[in-house]
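None of these values were measured; they are calculated from a predicted model. Chain letters run A, B, ... following the sequence lines, proteins first and then strands; every chain starts at 1.
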Number of protein chains: 2
Amino acid sequence: MATIRELARHCGVSVATVSRVFNTPEVVSRETRQRVEAAAAEIGYLPNESARTLATKKSNMIGLVWDTDHRRSGWRHPFLQEILVALKTALSAQGLHLLLLATGADEPDRHLRAVRRHNLDGVVLIDNGSRDPAVLGLAEAGIPCVALDLPLTGPCCTYVTSDNAGGAGQAADHLVTRGHRRIATITGPARTGPGAERLAGFRAALAAHDVALPPEYVVEGDFYLDSGRAAMHRLLSLGTPPTAVFAAGDEMAIGALQAATAAGRRTPDDIAIVGFDDIELAALIPPGLTTVAQDRTGFGTAAAEALIAMIRAAPEVPAPPPIVLPTTLTARGTA
Amino acid sequence: MATIRELARHCGVSVATVSRVFNTPEVVSRETRQRVEAAAAEIGYLPNESARTLATKKSNMIGLVWDTDHRRSGWRHPFLQEILVALKTALSAQGLHLLLLATGADEPDRHLRAVRRHNLDGVVLIDNGSRDPAVLGLAEAGIPCVALDLPLTGPCCTYVTSDNAGGAGQAADHLVTRGHRRIATITGPARTGPGAERLAGFRAALAAHDVALPPEYVVEGDFYLDSGRAAMHRLLSLGTPPTAVFAAGDEMAIGALQAATAAGRRTPDDIAIVGFDDIELAALIPPGLTTVAQDRTGFGTAAAEALIAMIRAAPEVPAPPPIVLPTTLTARGTA
DNA sequence: CTGAAAGCGCTTACAG
DNA sequence: CTGAAAGCGCTTACAG
């Protein structure tokens with residue numbers, strides 16, 4: 001492990017000059033620069049990141065706060081992997097690394113402590129509870145952070161989310177265009193952002209088409225399979241059952257599909273179904289789930305861009321506005 | 001951001017003593033220790049990790065090399081998320097953090113460089129190509145590392161894998177016990193470890209039952225859905241088609257199921273199917289895929305344990321032997 | 001364009 | 001059990 005001092009001696013310059021070659025190359029003469037660069041390659045010099053961080057107070061590391069606790073156990077993020085890849089790709093293009101923060105003890109300042117100990121340049125939040133004080137603490141402390149699907153704002157915070165209302169509207173439009181008038185919905189929990197937004201968007205779109213949405217056509221689920229099954233069961237037992245259902249999540253949509261099939265209804269003829277998310281399963285399960293696809297890669301890319309912008313910007317520059325990603329209706333067999 | 005010097009002054013001791021309170025508390029007097037601890041809490045002192053790393057050459061960080069490039073694009077690891085959670089949990093219990101290494105340019109020493117720059121204590125490899133020189137370079141350099149599902153060995157390397165042969169044997173046993181004699185298999189690529197091992201285990205188990213495996217009953221797939229579909233199509237068109245099929249991966253099994261259904265065969269009566277992996281979909285798709293489940297959490301936990309053992313061990317201690325996780329046959333509707 | 005020097009915040013022999 | 005001091009490998013004003 002060659003150090004900067006060895007490299008400097010090796011080419012007869014000061015350590016300051018070597019440092020400049022790596023940090024502000026434009027400031028050193030071309031001849032010196034080339035000599036140092038060649039020598040660096042020759043002896044395999046690698047700058048020590050800890051020493052750099054200690055001297056500059058910037059670690060070139062982004063913390064990833066991925067809360068694996070607050071959800072029902074067994075919960076799997078529908079596209080965590082894509083987000084991670086996009087994030088990693090976009091950040092590493094800027095020389096930033098991703099540090100997975102442990103969600104350890106329940107101290108409300110645990111994230112902030114990690115940020116300070118490691119001199120993290122910023123934080124990305126995935127799948128966090130909306131009222132987690134550890135998350136709010138980050139925002140208040142002025143740490144650059146961007147949340148995914150969580151409306152977190154502050155002087156140095158922003159978030160990225162899908163156009164949940166718009167996507168639900170696309171679902172409604174699609175069903176109306178297919179001739180449906182009796183359209184029900186299985187919602188997510190009303191207290192969740194996506195749950196509430198998708199219901200609102202769905203309701204607004206139906207209203208725009210002059211299609212009524214009676215109260216018994218709105219049944220709340222919890223985004224999991226079973227709740228979709230139960231909801232469909234209930235809808236089918238109504239005096240005037242719907243001819244189409246929009247489920248605010250694919251897993252619920254699949255549960256609904258199974259319940260409909262079990263009840264002897266054919267999809268899409270007896271009952272049409274549209275989901276939300278476009279999980280992997282959606283394309284695989286017969287007859288193919290029609291669903292509203294989110295921009296999976298966009299989450300990671302947009303988050304990285306926003307974060308980098310905040311990190312590079314002067315402190316007084318306000319945080320970028322929330323980023324709302326458009327959705328795409330993907331028509332398959334169920335509607 | 002209080003420093004160790006401020007804290008030391010605050011309680012009238014030397015910085016050395018403060019350092020000992022945090023690193024070797026048993027060596028300082030109880031009275032001094034408590035005084036320092038109280039003061040630390042009071043002024044919110046947090047040790048600076050970069051400074052510690054610089055002084056000790058140990059970062060308490062583990063590199064995560066997760067190769068997102070070598071697979072077909074769109075490839076998703078069947079249970080990356082569970083592995084990450086288990087890994088994170090087990091490592092953070094030891095005060096270790098996980099640093100996601102960027103798979104940037106194609107330099108064969110890119111991982112090693114990252115390890116050296118950041119003073120990483122060890123590396124976990126997920127989903128890497130078997131002949132990646134950057135991976136072999138790590139092993140040769142004597143960096144403590146553990147690979148997942150990749151037979152990487154060395155003075156300081158080990159790996160964890162499922163008992164692929166045993167699991168395939170469980171599938172064979174199950175089908176024979178159900179009375180099948182004409183049993184085919186859809187394999188993974190022969191060049192992949194899991195592909196080869198599952199075929200070998202399957203073959204051995206059938207032989208143990210005196211059940212023949214004619215060459216036309218072995219058709220190679222690529223672990224993806226379409227190859228399962230195509231393979232089943234071929235098997236059903238045989239002069240003497242099988243009554244049961246073991247697919248070496250769930251996605252292929254589901255493809256096979258779809259092809260059988262499309263061909264008018266009923267599962268499990270006309271054709272039984274067993275998969276491998278127990279992906280989420282397996283339980284959801286009717287009639288429920290019978291499959292060989294891997295110990296998803298075990299991967300992360302075992303990897304963390306092995307890595308920690310290597311890091312803590314003296315240099316001359318040999319690396320732990322490969323860890324082979326048992327599988328579990330999960331019987332559902334298809335066999 | 002370049003160098004000497006101070007400083008970043010810790011740890012750890014070495015004395016006592 | 002505790003302290004003074006050297007050292008970890010860099011960066012960055014400050015001079016020149």
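Ion pairing of A:Arg33 with A:Glu37 is absent here, as no side-chain N (NZ or NE/NH1/NH2) approaches a carboxylate O to less than 4.0 Å. Salt bridge annotation for B:Asp121-B:Arg312: absent, with no cationic side-chain nitrogen under 4.0 angstrom from a carboxylate oxygen.
A donor-acceptor pair shorter than 3.5 Å can be found between the side chains of A:Ser162 and A:Gln294.
Without hydrogens or angle criteria, B:Ser19 side chain to B:Val15 main chain gives no donor-acceptor distance under 3.5 Å.
A distance of about 16 Å separates the C1' atoms of C:dT12 and C:dG16, rounded to the whole Å.
D:dA4: no Watson-Crick or G-U partner with both key distances under 3.5 Å is found in any strand. Base pairing analysis places D:dA13 opposite nothing; no Watson-Crick or G-U wobble pair with both distances below 3.5 Å involves it.
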Derivation of the ring-ring contact (aromatic ring centres under 6.0 Å, His included) call for A:Tyr159 and A:Phe299: CA-CA 10 Å; A:Tyr159 63 94; A:Phe299 270 86; over 10 Å; no
Base-contact (B) and sugar-phosphate-only (S) positions in nucleotides 1-11 of chain D, heavy-atom cut-off under 4.0 Å, - elsewhere: SSBB---BBBB
